A.B. asks: 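Here you go, one structure.
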Amino acid sequence: MKIMLKDGSVKEYNEAKSIFEIAKDISEGLARVACAGEVDGVLLDLRTELTHDCELTIITVTDPKALHVIRHTASHVLAEAVKRLFPNAKVTIGPAIDEGFYYDFDSDPFSREDLDRIEAEMKKIIKEGHEITRFTLPRDEAIRLMEEKGEPYKVELIQDLPQDAQISFYDQGGFVDLCAGPHLMSTKGVKAFKLTSSSMAYWRGDSNKARLQRIYGTAYNKKEELAQHLERMEDAKRRDHNRLGREMELFTTVDVIGQGLPLFTPKGTKMIMKLQRWIEDLEDNEWGYTRTRTPLMAKSDLYKISGHWDHYKEGMFVFGDEDKDKEVYALRPMTCPFQYYVYKNSQKSYRDLPCRYSETSTLFRNEDSGEMHGLTRVRQFTISEGHLIVRPDQMVEEFKNCLALAKYCLETLGVSEDVTYHLSKWDPDNREKYIGEPQVWEETQQHMRDIMNELGIPYVEDVGEAAFYGPKIDINAKNVYGKEDTMITVQWDALLAEQFDMYYIDQNGDKVRPYIIHRTSMGCYERTLAWLIEKYAGKFPTWLCAEQVRVLPISEKYEEYANDVCKKLKKAGVDATVDNRSEKIGFKIREARLDKLPYMLVVGQQEEADNTVSVRSRFAGDEGIKTLDCFIGEITQEIQNKTIRKEMPTEEKN
RNA sequence: GCUUCAUUAGCGCAGUCGGUAGCGCACUUCACUCGUAAUGAAGGGGUCAUCGGUUCGAGUCCGAUAUGAAGCUCCA
């Protein structure tokens with residue numbers, strides 16, 4: 001048997017060898033740091049016996065792939081510790097995940113104290129250094145073993161495996177768990193771990209099934225790496241928009257106003273208005289949109305035509321009772337049908353198309369109470385909504401333009417590298433969730449693939465994520481904790497025009513159904529602001545800052561000059577203020593820095609005499625003395641061009 | 001909607017065994033008139049989220065509700 005190694009060399013053996021033996025054969029040192037083997041691209045246990053020719057890479061502790069194995073083993077150690085301390089707990093599943101691992105138990109809830117106890121028990125198990133061994137059983141025997149051990153969830157898992165399967169188990173000093181592996185050779189290999197939290201999870205992710213208790217943890221090869229990870233989590237917390245946004249006084253929430261209904265303070269409002277004015281001018285002046293203004297509510301009849309009444313009633317705020325009241329109203333969860341009726345207001349010729357409607361549209365969605373989060377999941381929000389009514393022959397071109405506009409917006413905000421593109425498809429096995437014929441869905445999805453390939457945008461395909469009326473391209477971004485949200489969406493709709501009897505007159509004088517694109521340019525303003533807070537940790541590009549310049553007089557004597565400077569800045573369209581408090585200049589600078597202001601202008605005797613300002617910025621520190629006109633020229637350019645200046649590295653002092 | 005945890009001054013937090021509430025920042029006033037990350041002093045501010053229960057007595061123990069956080073489920 002020939003084993004091809006990573007460096008191109010070949011090892012030959014006459015008999016079956018475990019990966020561990022081969023590693024040892026290469027060098028004792030390698031065997032000490034080996035975690036697993038990658039055989040023809042598949043990650044396997046070190047104890048796996050190789051019997052055929054193959055390519056082998058020994059995965060050592062420093063390899064990122066080793067983390068997966070370490071974490072998986074850590075989750076088994078966790079399971080053993082829980083079984084020792086809580087013998088009545090039933091084990092279910094416990095995989096490694098991106099940032100660590102978890103294990104779900106059928107048990108009473110775990111408190112933080114429980115987690116600490118479990119963590120201590122895990123350390124004990126690791127110190128005991130049990131060798132981890134693997135064995136397989138035929139399906140029937142495997143089921144019997146798990147029944148004997150009183151683990152009904154494991155029995156259910158095995159029952160889903162094929163009849164003739166050999167079921168693999170891992171044994172660590174008597175604790176046996178059903179598992180496909182791979183695992184480390186010994187519990188000793190788990191060197192740095194921490195249990196981070198516990199929460200509830202449903203068995204098999206189904207809210208109708210048993211409620212389980214999930215324990216999350218993370219594990220690394222070295223203590224320093226674990227410490228770094230925990231430090232990153234701390235940094236994430238500091239950037240968290242829900243904390244930083246409140247701290248910076250951008251928004252707040254009030255108990256008596258309600259869940260998912262944030263209030264924007266003047267600072268937050270100013271930022272949102274800057275985004276909104278930018279987007280509106282951009283769409284209207286450069287991308288051929290016309291603006292509409294439509295009601296925030298409508299009779300239920302409208303939503304019955306659109307299909308939302310059947311597909312989305314639970315998510316709407318409805319006024320009145322259908323059985324009792326003659327008319328039932330609902331706040332709008334979307335803008336589509338309103339803009340369709342704007343289209344239908346007059347008869348359209350093929351020459352009128354494409355018809356690009358845009359609206360800064362406030363929407364209401366009655367999300368479940370547990371779904372709300374800061375500014376990213378709210379019950380009332382405002383989006384840069386748009387609908388394009390186009391001829392079929394214009395569809396591809398217009399769809400492309402929508403994506404181009406989205407891309408332009410992302411680039412301007414400096415976040416184009418932070419997104420992933422998703423082709424959200426229908427689910428052919430769940431037909432009742434969608435309207436229209438399968439053939440239309442498949443065709444449309446192919447069109448969208450072609451467009452993405454032509455634009456050279458990498459994307460992934462998600463089954464079952466489509467709107468009920470058509471597939472879409474979602475542009476998603478991750479928050480500081482790694483959770484994904486949709487920022488921008490462009491949706492292909494060849495169906496709703498029929499429901500609303502929309503048409504145009506073609507060259508031959510015939511009525512023809514248009515296609516519709518539902519799209520956002522920069523999506524939801526609340527969510528975008530949240531994203532920007534986290535992306536920039538509150539240090540926004542100058543053009544977006546609610547306060548762009550603060551004038552700091554050295555003492556009250558120079559207040560008048562400071563006010564003059566401020567007035568001139570404001571006249572030039574710069575958001576400026578004066579810090580007139582009778583404080584020392586050092587104190588004012590400290591506060592302005594903590595407020596993450598882009599520019600401070602220090603003015604005193606000298607500046608007043610020369611009509612200059614002493615510039616201090618977030619980007620370059622002390623920028624020296626400039627004439628006021630020179631500074632105004634520079635900053636207005638920076639604002640107009642939406643320049644993103646490079647931040648100066650700083651150590652934050654407290 | 002589900003599970004767990006939390007809610008004390010505008011914000012961040014302490015509050016021991018159940019005995020009637022404190023710190024820092026902020027705010028107000030006064031003095032200082034200052035040159036690049038905290039000048040000093042004095043003062044005001046609380047129905048301890050809300051409602052109910054246990055108790056001679058509840059910020060503290062119990063229950064319900066509201067709001068928030070993490071996770072699950074959901075997100076047309």
Side-chain angles (χ1 to χ4, degrees), chain A residues 102 104 107-112 114-115 196-216 237 240 242-243 246-249 252-261 303 306-316 333-334 336 363 365-374 376-377 424 433-435 465-470 472 474 481 483-486 489 491 496 518 552-559 581-594 600-607 614-616 621-623 625 650-654:
Chain A
Y102 68 80
D104 287 348
S107 147
D108 289 332
F110 299 105
S111 66
R112 183 65 237 185
D114 292 335
L115 293 192
T196 47
S197 61
S198 64
S199 67
M200 192 222 66
Y202 296 105
W203 171 235
R204 303 203 147 176
D206 184 339
S207 57
N208 298 315
K209 294 210 163 94
R211 282 194 278 276
L212 308 174
Q213 300 301 320
R214 175 172 298 179
I215 297 181
Y216 282 92
K237 243 184 234 166
D240 183 347
N242 205 11
R243 185 188 174 110
R246 290 170 198 271
E247 228 170 76
M248 293 182 74
E249 289 182 29
T252 183
T253 48
V254 176
D255 287 6
V256 293
I257 289 177
Q259 269 193 311
L261 298 169
Y303 307 112
S306 68
H308 286 85
W309 200 253
D310 289 336
H311 285 89
Y312 194 64
K313 196 173 155 199
E314 294 307 301
M316 291 201 281
M334 38 69 218
C336 327
L363 306 180
R365 298 183 186 187
N366 194 4
E367 305 282 359
D368 285 343
S369 65
E371 305 307 333
M372 257 65 73
H373 174 77
T376 54
R377 272 301 273 287
S424 300
K433 266 182 79 180
Y434 308 92
I435 56 176
E465 296 289 320
F468 70 80
Y469 45 73
K472 53 185 180 167
D474 284 325
Y481 300 111
K483 197 172 171 183
E484 254 188 40
D485 275 309
T486 299
T489 177
Q491 308 179 354
L496 281 184
H518 309 235
L552 312 179
I554 295 280
S555 78
E556 287 166 20
K557 281 191 222 161
Y558 313 107
E559 194 179 321
R581 293 173 305 168
S582 91
E583 298 287 350
K584 281 190 167 177
I585 192 69
F587 180 81
K588 293 184 187 179
I589 287 172
R590 179 187 147 80
E591 295 236 310
R593 293 207 53 162
L594 292 178
M600 298 167 232
L601 301 181
V602 177
V603 297
Q605 190 177 18
Q606 196 193 332
E607 289 80 4
S614 179
V615 182
R616 188 176 168 136
D622 190 349
E623 296 196 17
I625 294 185
T650 51
E651 36 350 316
E652 300 281 334
K653 295 181 200 166
N654 281 310

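No experiment lies behind these values; they were computed from the predicted model shown.
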A.B. asks: Show the distances under 3.5 angstrom between N or O atoms of the protein and N or O atoms of nucleotides 40-50 of chain B.
C.D. replies:
none

A.B. asks: Quick one: is B:G35 close enough that its OP1 or OP2 comes under 4.0 Å of any side-chain N or O from A:Gln605?
C.D. replies: no

A.B. asks: Hey, is the side chain of A:Asn242 poking within less than 4.0 Å of OP1 or OP2 on B:A69, counting only N and O atoms?
C.D. replies: yes

A.B. asks: Check whether any side-chain N or O of A:Arg616 sits under 4.0 Å from OP1 or OP2 of B:A37, and answer yes or no.
C.D. replies: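 True: A:Arg616 side-chain N/O within range (under 4.0 Å) of B:A37 OP1/OP2.
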
A.B. asks: When all nucleic acid strands are considered with a 4.0 Å heavy-atom cut-off, which category describes A:Glu247: base, sugar-phosphate, or nothing?
C.D. replies: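 Nothing: the residue A:Glu247, judged by heavy atoms under 4.0 Å, touches no strand.
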
A.B. asks: Which residues satisfy the salt bridge (charged side-chain N to carboxylate O under 4.0 Å, His left out) test with A:Arg616, sequence neighbours excluded?
C.D. replies: none

A.B. asks: Quick one: is A:His373 getting a side-chain N or O under 4.0 Å of the B:A70 phosphate, OP1 or OP2?
C.D. replies: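 Checking A:His373 against B:A70: at least one side-chain N or O falls below 4.0 Å of OP1 or OP2.
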
A.B. asks: Please identify each residue that fulfils salt bridge (charged side-chain N to carboxylate O under 4.0 Å, His left out) with A:Arg246, with sequence neighbours left out.
C.D. replies: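 For A:Arg246, no residue satisfies salt bridge (charged side-chain N to carboxylate O under 4.0 Å, His left out) once neighbours in sequence are set aside.
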
A.B. asks: Sequence neighbours left out, what passes salt bridge (charged side-chain N to carboxylate O under 4.0 Å, His left out) with A:Glu583? Give chain and number order.
C.D. replies: none

A.B. asks: Does a side-chain N or O of A:Tyr102 approach OP1 or OP2 of B:C72 to a distance below 4.0 Å, or not?
C.D. replies: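 Checking A:Tyr102 against B:C72: no side-chain N or O falls below 4.0 Å of OP1 or OP2.
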
A.B. asks: Please name all residues satisfying salt bridge (charged side-chain N to carboxylate O under 4.0 Å, His left out) with A:Glu623, sequence neighbours left out, ordered by chain then number.
C.D. replies: A:Lys626, A:Arg645

A.B. asks: How far does the P atom of B:U60 sit from the matching atom of B:U16, given to the nearest Å?
C.D. replies: 11 Å

A.B. asks: Restricting both atoms to N or O, compile the protein contacts to nucleotides 31-34 of chain B shorter than 3.5 Å, with distance only.
C.D. replies:
from  : atom 1 : to       : atom 2 : distance (Å)
B:C32 : N4     : A:Ser582 : OG     : 2.7
B:U33 : O2     : A:Glu556 : N      : 2.9
B:U33 : N3     : A:Glu556 : OE1    : 3.1
B:U33 : N3     : A:Glu556 : OE2    : 3.4
B:U33 : O4     : A:Glu556 : OE1    : 2.8
B:U33 : O4     : A:Glu556 : OE2    : 3.2
B:C34 : OP2    : A:Lys557 : NZ     : 3.3

